[in-house]
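In what follows, every chain begins at residue 1, and chains take the letters A, B, ... in the order their sequences are listed.
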There are 2 protein chains.
Amino acid sequence: MLGNSRPEPIPPARPSLRKQPRQARSRALVDVILDATARVLVRDGYAALTTNAVAAVAGVSIGSLYQYFPNKDALVLALRDRHSRRMHALIMAEVAHWETAGHDATLADLMGRTLHAAIEAHRLEPALHKVLALEAAHLETHHEEDETDGFLRALLERHAQGPNPEVTVPDLGIATFIVGRMAHALIHAVVLDPPPGADAHALEREAVRAVMAYLTA
Amino acid sequence: MLGNSRPEPIPPARPSLRKQPRQARSRALVDVILDATARVLVRDGYAALTTNAVAAVAGVSIGSLYQYFPNKDALVLALRDRHSRRMHALIMAEVAHWETAGHDATLADLMGRTLHAAIEAHRLEPALHKVLALEAAHLETHHEEDETDGFLRALLERHAQGPNPEVTVPDLGIATFIVGRMAHALIHAVVLDPPPGADAHALEREAVRAVMAYLTA
DNA sequence: CGTAAATACGAGTGATCGCTCGCATCATTG
DNA sequence: CAATGATGCGAGCGATCACTCGTATTTACG
């Protein structure tokens, strides 16, 4: 025995949780730490985010923090994951809600509802979302957008077929790409950075109009 | 005399150049330092950007660097300014070029040319532009976008008047906002983050189509 | 050429901060 | 009620890095 009793011989490429919190108190601890991370991030920005500050704001010891997060980036990544999951859940709840109700909506209707749901989801924690989008963009990208793109593509394909297609775009792959980027940018613009004094409803209406105009031009 | 001979009693809010480079060699030095900043930024990212590294890559002393830049942020800000000015100059050269030639182009034509010029400008130093957009977004915003917005608004206004307006959008203020964000996002998507295997020309065409579809829907 | 100003230098300093480690406390299990 | 593992603690280490300051070199200019 060479005395090497490390439980993790090879650190995982994706820095996530170092140790699984088993008991209830430790699970609560992880949540409290992520809450504190969000507060520091929103209040002081990424540059001022130190592990010591997070621990202090969370009211836990720096040692406890490192029981569950291998490094500083893991903290932000975990927070972003939690935030993404919450937004995604919100959107999917909306979508599920329609499907129980009437079917066969027009593309304009579906797109309007989808964008509206996405916009509402962005209003969950807009300040946090803005900081994450602005200052955590250099961290490894996650798959939120991939999922969104899949959803979008399916929606477009469904309405580009049949005898009277509503979607008149030449290339569905490119169209998905363009619409994805457009929608993302417009949602952020409308929710996180609206021009001063503008009406939120009008902005949303125009964002939907922009997407639909492209698809059905 | 209390011996306080500091030339800058109050540090400027905007950290720019600490001292004006007067001689040719010092002007060259500033340029070399900004070049080095760009290289380090592109190669290693913002997190790894240290003033010592920049000085080393530039082949100058750390002391010389601080003769002209009051702090690290000033370095990045100055680089971004230089980069913006170069891009802006490229675009304006294009615009001036049309105006000497024929007039009275259609909106679709003008918008296509404008977006094309912007896209070409983004191809100047795409890697640098990407890093700046992604990792220097938290620094104070500059006025590049304000200028672009002014240009855009003038363009729209010119084509929203008269008996047969090409622009059919309800509110010009909102339209400028929407088009500005759309164009910005699509240009970045097309130049800095195109989907693998996609044709650059097709992407550009669709970007223009998207903008025009919104304006003339 | 002489002198003063401008420029260039780089070792070193002070402060910050990510992270460890040895120990205390709490929960679980038999 | 042990005994064992899980959890929690926080002083402090080690490394990094922005930035200073005293000095050396170069240029401008009469």
**OP:** Compare side-chain N and O positions of A:S26 against OP1 and OP2 of D:dT7 and report whether any pair is under 4.0 Å apart.
**Re:** yes
**OP:** Please collect all ring pair (Phe, Tyr, Trp, His ring centres under 6.0 Å) contacts where either partner lies in residues 27-64 of chain A, sequence neighbours excluded, each pair once.
**Re:** A:Y46-A:H138
Original post:
Can you tell me if A:S64 uses its side chain to pair, donor with acceptor, with the backbone of A:V60 under 3.5 Å?
Top reply: no
Original post:
Which sits closer to the 5' end of DNA chain C, B:V60 or A:A53, going by the nucleotide each is nearest to?
Top reply: B:V60
**OP:** Specify the separation, in whole Å, of atom CG of B:N52 and atom P of D:dA15.
**Re:** 17 Å
Original post:
Rounding to a whole Å, what distance do you find between A:F69:CZ and D:dG8:P?
Top reply: 12 Å
Original post:
In whole angstroms, how far is the C1' atom of C:dC9 from the CG atom of B:L29?
Top reply: 11 Å
Original post:
When you check the phosphate oxygens OP1 and OP2 of C:dA8, does a side-chain N or O of B:Y68 lie under 4.0 Å from one of them?
Top reply: yes
**OP:** Give the rounded distance in Å between these two atoms: CD of A:Q67 and C1' of C:dC23.
**Re:** 12 Å
**OP:** Quickly work out the B:I62 CD1 to D:dC21 C1' distance and round it to whole Å.
**Re:** 13 Å
**OP:** Taking only the side-chain nitrogens and oxygens of B:S61, find out if one of them lies under 4.0 Å from OP1 or OP2 of C:dA8.
**Re:** no
Subject >> Contiguous pairing runs of three or more, Watson-Crick or G-U under 3.5 Å, that involve DNA chain C >> reply: C:1-30 with D:1-30
Original post:
Touch check for B:L65, heavy atoms < 4.0 angstrom, all strands: base, sugar-phosphate only, or nothing?
Top reply: nothing
**OP:** Identify whether the distance between the nearest side-chain nitrogen and carboxylate oxygen of A:R113 and A:D109 falls below 4.0 Å.
**Re:** yes
Original post:
Hey, is A:D35 close enough to A:R82 for a salt bridge, meaning N to O under 4.0 Å?
Top reply: yes
Subject >> Any A:L115 side-chain heavy atom under 4.5 Å of A:V211 side chain >> reply: yes
Subject >> Parallel, tilted or perpendicular: ring planes of A:H83 versus A:H129, cut at 30 and 60 degrees >> reply: tilted
Original post:
Closer to the 5' end of DNA chain C via nearest nucleotide, is it B:R25 or A:R25?
Top reply: B:R25
Original post:
Reckon B:S64 has a side-chain N or O less than 4.0 Å from the OP1 or OP2 of C:dC9?
Top reply: yes
**OP:** Send over the distance from A:Y66 OH to D:dG12 C1', rounded to a whole Å.
**Re:** 14 Å
Original post:
What is the distance from CD of B:Q23 to P of C:dA8, rounded to the nearest Å?
Top reply: 7 Å
Would you mind writing out the side-chain donor-acceptor pairs for residues 151-158 of chain B within the sub-3.5 Å range, not counting sequence neighbours?
from: B:R153; atom 1: NE; to: B:E157; atom 2: OE2; distance (Å): 3.1

Original post:
How long is the line joining OH of A:Y46 and C1' of C:dG18, in whole Å?
Top reply: 12 Å
